[in-house]
Trainee: 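The structure follows.
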Amino acid sequence: MTAAPHDPAGHRQRLRALVRVVATTTALLVLYAVRPVDRSGTVAAALLLLGLVLLVVLLVWQVRAVTRARYPVLRAVEAFVTTAVLFVVLFATGYTALSDLSPDAFSEPLDRVGAFYLTVTVLATVGFGDITPVSQAARVAVTVQMVCGLAFVGLVGRQLLAAAGRPRPEFLDADRGSGRT
């Protein structure tokens with residue numbers, strides 16, 4: 001169900017969702033920009049793996065939240081943006097740590113902006129070719145991101161949209177009598 005244009009409650013929900021997305025995105029990007037990156041390859045890999053596990057837990061929670069939401073499409077968009085930003089920040093952090101550990105892992109040493117840029121170009125499948133993985137570890141990391149990115153876009157997008165489209169019994173009776181669809 002989407003909010004009608006004249007629905008004040010729907011307008012408030014859209015505004016709250018926008019504020020949550022902007023706040024969450026800002027918090028994740030600020031955290032990415034200011035927190036120190038661990039220089040140990042083992043610790044960085046373990047943290048990336050832990051982050052991906054937490055991302056899956058967040059996604060399960062988000063899908064459940066979408067199915068219970070009064071405005072599920074709005075909640076699905078919010079969930080997708082939040083998890084996409086977290087996905088990018090996790091891999092960018094991993095690339096930064098890998099580049100710090102081994103500056104020749106990529107075609108050029110990566111700072112945070114370069115790692116973020118690489119992560120987005122890999123996720124978007126743009127692949128400009130200006131930054132490329134050179135070492136085996138970097139190639140493995142980028143390949144993992146490619147596979148996870150395909151799964152993320154395909155499965156997560158599908159699950160969130162499917163959850164948004166499921167009828168919720170608590171709203172069906174009220175919607176039948178109101179003339180809303």
Side-chain angles (χ1 to χ4, degrees), residues 1-5 7-38 44-98 110-127 141-168 170-171:
M1 163 197 293
T2 57
D7 181 6
H11 179 71
R12 283 191 300 272
Q13 285 297 104
R14 286 190 299 273
L15 185 59
R16 282 187 197 124
L18 178 64
V19 168
R20 280 192 304 264
V21 165
V22 169
T24 303
T25 299
T26 301
L28 286 170
L29 293 177
V30 166
L31 184 63
Y32 170 70
V34 300
R35 72 160 193 67
V37 176
D38 194 310
L47 288 175
L48 177 60
L49 184 61
L50 176 64
L52 291 174
V53 168
L54 291 175
L55 181 67
V56 169
V57 170
L58 174 66
L59 287 170
V60 169
W61 179 78
Q62 293 280 25
V63 168
R64 293 184 67 159
V66 168
T67 61
R68 295 183 176 127
R70 175 84 172 149
Y71 301 102
V73 173
L74 181 64
R75 187 72 175 100
V77 169
E78 180 183 354
F80 188 80
V81 170
T82 301
T83 53
V85 171
L86 181 57
F87 181 87
V88 169
V89 165
L90 285 172
F91 275 96
T93 300
Y95 294 150
T96 303
L98 182 58
L110 299 179
D111 58 7
R112 291 174 197 259
V113 173
F116 192 86
Y117 166 80
L118 173 65
T119 306
V120 171
T121 59
V122 170
L123 181 63
T125 68
V126 174
V142 170
T143 301
V144 168
Q145 185 201 338
M146 287 181 214
V147 171
C148 290
L150 288 172
F152 176 78
V153 172
L155 297 174
V156 172
R158 181 182 180 281
Q159 286 302 314
L160 289 173
L161 290 175
R166 287 187 197 124
R168 288 156 329 281
E170 66 271 19
F171 297 122

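Numbers here simply count residues along the sequence, with the first being 1. Since we're looking at a predicted model, the values are computed, not measured. Every heavy atom of this structure was used, including side-chain atoms; hydrogens, water molecules and symmetry mates were not.
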Trainee: Give, for atom CG of Leu123 and atom CG of Leu150, the distance between the pair rounded to the nearest 0.5 Å.
Mentor: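 The distance works out to 9.0 Å.
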Trainee: Just by distance, do the side chain of Thr82 and the backbone of Ala79 share a donor-acceptor pair under 3.5 Å?
Mentor: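 Answer holds: no.
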Trainee: Are the side chains of Phe91 and Leu52 in contact, using a 4.5 Å heavy-atom criterion?
Mentor: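 They are in contact (side-chain heavy atoms under 4.5 Å apart), so the answer is yes.
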Trainee: Using only atom types and a distance under 3.5 Å, with no angle test, would you say the side chain of Arg75 pairs donor to acceptor with the backbone of Ala65?
Mentor: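 Not a single qualifying donor-acceptor pair exists.
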Trainee: Tell me the closest heavy-atom pair linking Ala92 and Ala115, and the distance in Å.
Mentor: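 Ala92 and Ala115 have their closest heavy atoms at O-CB, 3.4 Å.
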Trainee: Within the structure provided, determine whether Leu29 and Val89 are in side-chain contact (heavy-atom separation under 4.5 Å).
Mentor: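 The answer is yes, as the side chains (C-beta and beyond) meet within the 4.5 Å cut-off.
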Trainee: According to the salt bridge (Lys or Arg N to Asp or Glu O under 4.0 Å) rule, which pairs have a member within residues 49-59, sequence neighbours left out?
Mentor: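 Sorted pair list comes back empty.
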Trainee: Residues in side-chain contact (heavy atoms from CB on, under 4.5 Å) with Val56, at least two apart?
Mentor: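 Partners of Val56 under the side-chain contact (heavy atoms from CB on, under 4.5 Å) test: none.
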Trainee: Compare all side-chain heavy atoms of Val63 with those of Leu59 and state whether any distance is below 4.5 angstrom.
Mentor: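 Answer no - side chains too far apart.
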Trainee: So, for Ala141 and Leu98, which heavy atoms are closest and what is the spacing to 0.1 Å?
Mentor: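 Distance-wise, the nearest heavy atoms are CB-CD2, 4.4 Å.
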Trainee: Partners of Arg64 by side chain to side chain donor-acceptor pair (under 3.5 Å), sequence neighbours excluded?
Mentor: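 Result, side chain to side chain donor-acceptor pair (under 3.5 Å) vs Arg64: none returned.
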Trainee: Measure the spacing between CG of Leu49 and CG of Leu54 and express it to the nearest 0.5 Å.
Mentor: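 Rounded to the nearest 0.5 Å, the CG-CG separation comes out at 9.5 Å.
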Trainee: Could you grab the distance from atom OG1 of Thr26 to atom CG of Leu31, nearest 0.5 Å is fine?
Mentor: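 Nearest 0.5 Å value for the OG1-CG distance: 12.0 Å.
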Trainee: Rounded at 0.5 Å granularity, tell me how far CD in Glu78 sits from OG1 in Thr83.
Mentor: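 Spacing of CD (Glu78) from OG1 (Thr83) equals 10.5 Å.
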Trainee: For a side-chain contact (heavy atoms from CB on, under 4.5 Å) with Phe116, tell me which candidate from Val113, Thr119, Val120 qualifies.
Mentor: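 It is Val120, the one option of Val113, Thr119, Val120 that forms the side-chain contact (heavy atoms from CB on, under 4.5 Å) with Phe116.
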Trainee: What's the shortest heavy-atom distance between Pro72 and Val66, and which atoms?
Mentor: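 Scanning both residues, the minimum pair turns out to be CB-O, 3.5 Å.
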Trainee: Measure the shortest side-chain to side-chain distance between Trp61 and Leu58 over non-hydrogen atoms and say whether it is less than 4.5 angstrom.
Mentor: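 They are in side-chain contact.
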Trainee: Is there a donor-acceptor contact under 3.5 Å from the side chain of Tyr32 to the main chain of Arg112?
Mentor: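 Between the backbone of Arg112 and the side chain of Tyr32 there is a qualifying donor-acceptor contact (under 3.5 Å).
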Trainee: When you compare the side chain of Thr24 with that of Val85, does any pair of heavy atoms fall below 4.5 Å?
Mentor: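 No, too far: nothing below the 4.5 Å cut-off.
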Trainee: Measure the shortest side-chain to side-chain distance between Phe80 and Gln62 over non-hydrogen atoms and say whether it is less than 4.5 angstrom.
Mentor: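 No. Closest side-chain heavy atoms not under 4.5 Å.
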Trainee: Any chance you could measure Leu118, atom CG, to Tyr95, atom OH, to the nearest 0.5 Å?
Mentor: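 The distance works out to 5.5 Å.
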Trainee: Within this structure, what is the CZ-CZ distance for the pair Arg12 and Arg14, rounded to the nearest 0.5 Å?
Mentor: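 That separation rounds to 11.0 Å.
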